[in-house]
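Notes follow the structure.
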Number of protein chains: 2
Amino acid sequence: MNQVAPRKTSANRAKVEAKILRAAEKVFAQKGFSGSSMDAVADQAGLSKQLLIYYFPSKEFLYHSVLRNMIDIWIEKMTFVDDPNASPAEIIEAYIRQKIELSRDYPNGSKVFAHEIINGAPVLKDYLLDHLKPQFEKDIQLINKWIENGQIRPIDPEHLFFTIWASTQTYADFSTQIQLLLGKPKLDQKDFDRASDFLCHFVLNALGAQK
Amino acid sequence: MNQVAPRKTSANRAKVEAKILRAAEKVFAQKGFSGSSMDAVADQAGLSKQLLIYYFPSKEFLYHSVLRNMIDIWIEKMTFVDDPNASPAEIIEAYIRQKIELSRDYPNGSKVFAHEIINGAPVLKDYLLDHLKPQFEKDIQLINKWIENGQIRPIDPEHLFFTIWASTQTYADFSTQIQLLLGKPKLDQKDFDRASDFLCHFVLNALGAQK
DNA sequence: GTCTATAGTAGGATAGAC
DNA sequence: GTCTATCCTACTATAGAC
């Protein structure tokens with residue numbers, strides 16, 4: 001037998017690993033990869049550094065695991081769901097709202113990505129090229145089709161995406177600054193709703209897209 | 001005499017300090033405070049670690065110096081220049097263009113701030129409260145006045161600022177991602193011009209502000 | 001002002017008892 | 001699976017020669 005009591009063991013392992021990944025996400029979110037220590041992750045997860053290393057043999061492996069854990073859902077929310085029955089306004093509004101929800105639900109994941117990108121995307125570069133870029137180019141084409149059809153104003157589609165990404169992710173990455181200026185200890189559901197409503201109106205007005 | 005050859009000495013010191021600050025800005029931009037080492041800064045500046053410590057006795061002091069060096073120009077560009085003769089459209093267009101210029105001219109400074117804010121602004125918090133917040137609130141009032149006067153559409157002024165900040169700073173902080181998706185090794189002047197033009201049109205259309 | 005040497009500590013990782 | 005002990009490297013910082 002390779003393992004003692006494999007069933008119980010692996011169930012427990014999954015639970016501990018999940019706890020560690022949540023802790024690591026939080027620590028990496030604050031300081032990025034090189035700024036974070038295994039000690040800090042262990043503390044956050046409530047176990048010893050040695051035990052942490054038992055589950056995740058190296059810091060690099062832990063970091064990769066955190067990224068892997070988030071990357072697919074992340075890229076999925078960065079690309080359109082092309083519903084042929086929906087109007088441009090409907091597609092864009094749904095897109096903005098789901099991006100804000102992502103910032104609300106995964107603020108730490110967002111910050112980990114922010115660190116990774118600011119750092120030059122040393123780990124994610126290839127993955128972004130292989131998975132995000134093709135989708136991005138498809139979405140650009142869809143927007144260009146809308147422009148040709150006169151459904152929205154002629155604008156630079158690439159920069160439209162950069163603006164939507166930046167202004168939705170800022171509610172996760174720069175929440176400290178936003179809290180400070182709004183005089184709130186924490187952003188609540190109402191703040192995210194206001195952000196969504198503002199951005200949807202703002203972008204649809206800018207595009208001249210009618211619902 | 002306190003110093004030997006004070007004139008030459010202090011002139012040289014200023015030059016070396018400037019070189020170190022540029023190097024430190026670059027290193028801190030990539031990894032943030034805790035992720036950066038004095039060794040890396042020394043390497044980047046082209047001098048020994050010991051000599052670096054002679055000029056900047058501690059890493060904290062160096063980091064504070066880098067921030068102090070940028071913070072005033074930074075906050076200045078985050079607030080309106082209230083020209084009573086200018087129209088809302090003119091004020092906002094000038095504002096967006098100068099924010100994009102800031103991202104172009106000080107990408108490392110922008111990234112250092114990004115790290116600091118993502119981290120919870122441990123160093124800058126008080127400064128932002130004392131210096132940015134009052135200006136922010138004044139600018140909000142001005143926008144509300146424009147809305148009352150029917151010069152722009154009624155929108156959430158706070159979130160307008162968050163959107164403009166995010167979508168201008170993204171060209172510094174997330175330049176890696178933008179380069180990747182545009183298929184460019186580096187953003188050039190044309191890219192920044194396109195970004196400015198896009199954002200000005202976009203925001204003015206969204207606000208319904210006529211030039 | 002610049003160098004060598006080194007102290008002191010924190011961090012990543014391993015070995016081995018239980 | 002969990003713990004103690006420990007190795008080794010990298011890091012911040014100091015002391016002191018020149």
Side-chain angles (χ1 to χ4, degrees), chain A residues 1-21 23-67 112 115 119 122-123, chain B residues 1-21 23-28 30-67 115 119 122-123:
Chain A
M1 258 173 98
N2 292 328
Q3 293 183 316
V4 183
R7 180 168 305 222
K8 177 182 181 291
T9 298
S10 73
N12 187 54
R13 175 172 266 271
K15 243 172 40 185
V16 176
E17 281 178 356
K19 189 170 70 176
I20 291 174
L21 285 170
E25 205 178 283
K26 189 166 177 182
V27 173
F28 286 135
Q30 282 167 38
K31 312 240 185 188
F33 176 76
S34 13
S36 302
S37 73
M38 293 293 268
D39 244 334
V41 175
D43 266 17
Q44 180 69 38
L47 37 79
S48 68
K49 182 170 69 161
Q50 295 87 340
L51 199 53
L52 165 61
I53 290 176
Y54 169 76
Y55 285 98
F56 291 88
S58 80
K59 187 175 151 184
E60 263 211 328
F61 178 67
L62 177 57
Y63 183 65
H64 279 75
S65 302
V66 168
L67 287 180
V112 175
H115 272 116
N119 218 286
V123 176
Chain B
M1 258 173 96
N2 291 327
Q3 293 182 315
V4 183
R7 182 169 303 224
K8 178 181 181 288
T9 298
S10 71
N12 187 53
R13 175 172 267 271
K15 240 169 46 179
V16 177
E17 281 179 356
K19 189 170 72 175
I20 291 174
L21 285 171
E25 205 178 282
K26 190 166 177 183
V27 173
F28 286 135
Q30 280 167 37
K31 313 240 185 188
F33 176 75
S34 12
S36 302
S37 73
M38 293 294 268
D39 241 335
V41 175
D43 266 17
Q44 181 68 39
L47 37 79
S48 69
K49 184 171 64 166
Q50 294 87 340
L51 199 52
L52 165 62
I53 290 176
Y54 169 74
Y55 285 99
F56 290 88
S58 82
K59 186 175 150 184
E60 264 211 328
F61 178 66
L62 176 58
Y63 182 65
H64 279 75
S65 302
V66 168
L67 287 180
H115 273 115
N119 218 287
V123 176

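In what follows, chains are A, B, ... by sequence order, proteins preceding strands, each numbered from 1. Only heavy atoms go into these numbers, but all of them, side chains included; no hydrogens, no water, no symmetry mates.
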Notebook entry, point to check: If you look at every strand shown and take non-hydrogen atoms under 4.0 Å, does A:Y55 touch a base, only sugar-phosphate, or nothing?
Noted result: sugar-phosphate

Notebook entry, point to check: Given B:H115 and B:Q30, is the side chain to side chain contact (heavy atoms under 4.5 Å, CB included) satisfied, shown in steps?
Noted result: CA-CA 9 Å; B:H115 273 115; B:Q30 280 167 37; 5.8 Å; no

Notebook entry, point to check: Is atom NZ of A:K59 surrounded by more than 12 heavy atoms (other residues, nucleotides or ligands) closer than 6.0 Å?
Noted result: yes

Notebook entry, point to check: To the nearest 10 degrees, how far apart in direction are the end axes of the helix from C:dG1-D:dC18 to C:dC18-D:dG1, each fit to five base pairs?
Noted result: 0°

Checklist line | Atom of B:Q44, atom of B:V27 and distance for their closest heavy-atom approach | finding: CB-CG2, 4.0 Å

Next item on the list: Could you go through the side chain to side chain contact (heavy atoms under 4.5 Å, CB included) check for B:F56 and B:L21 one step at a time?
Entry: CA-CA 10 Å; B:F56 290 88; B:L21 285 171; 4.0 Å; yes

Margin query: The test is side chain to side chain contact (heavy atoms under 4.5 Å, CB included); show your working for B:F28 and B:L67 and say whether it passes.
Written below: CA-CA 10 Å; B:F28 286 135; B:L67 287 180; over 6 Å; no

Next item on the list: Would you kindly give the CG-to-P distance between B:N12 and C:dG1, to the nearest whole Å?
Entry: 6 Å

Notebook entry, point to check: Reading nucleotides 11-18 of chain C from the 5' end, what letters show protein touch, with B for base, S for backbone sugar-phosphate only, - for no heavy atom under 4.0 Å?
Noted result: SBBB----

Checklist line | Result of checking B:L52, B:L51, B:V66 against B:I20 for side-chain contact (heavy atoms from CB on, under 4.5 Å) | finding: B:L52

Next item on the list: Can you tell me the distance, in whole Å, between the NZ atom of B:K19 and the P atom of C:dG1?
Entry: 13 Å

Checklist line | Counterpart residues, ring pair (Phe, Tyr, Trp, His ring centres under 6.0 Å), relative to A:Y55 (two or more places apart) | finding: none

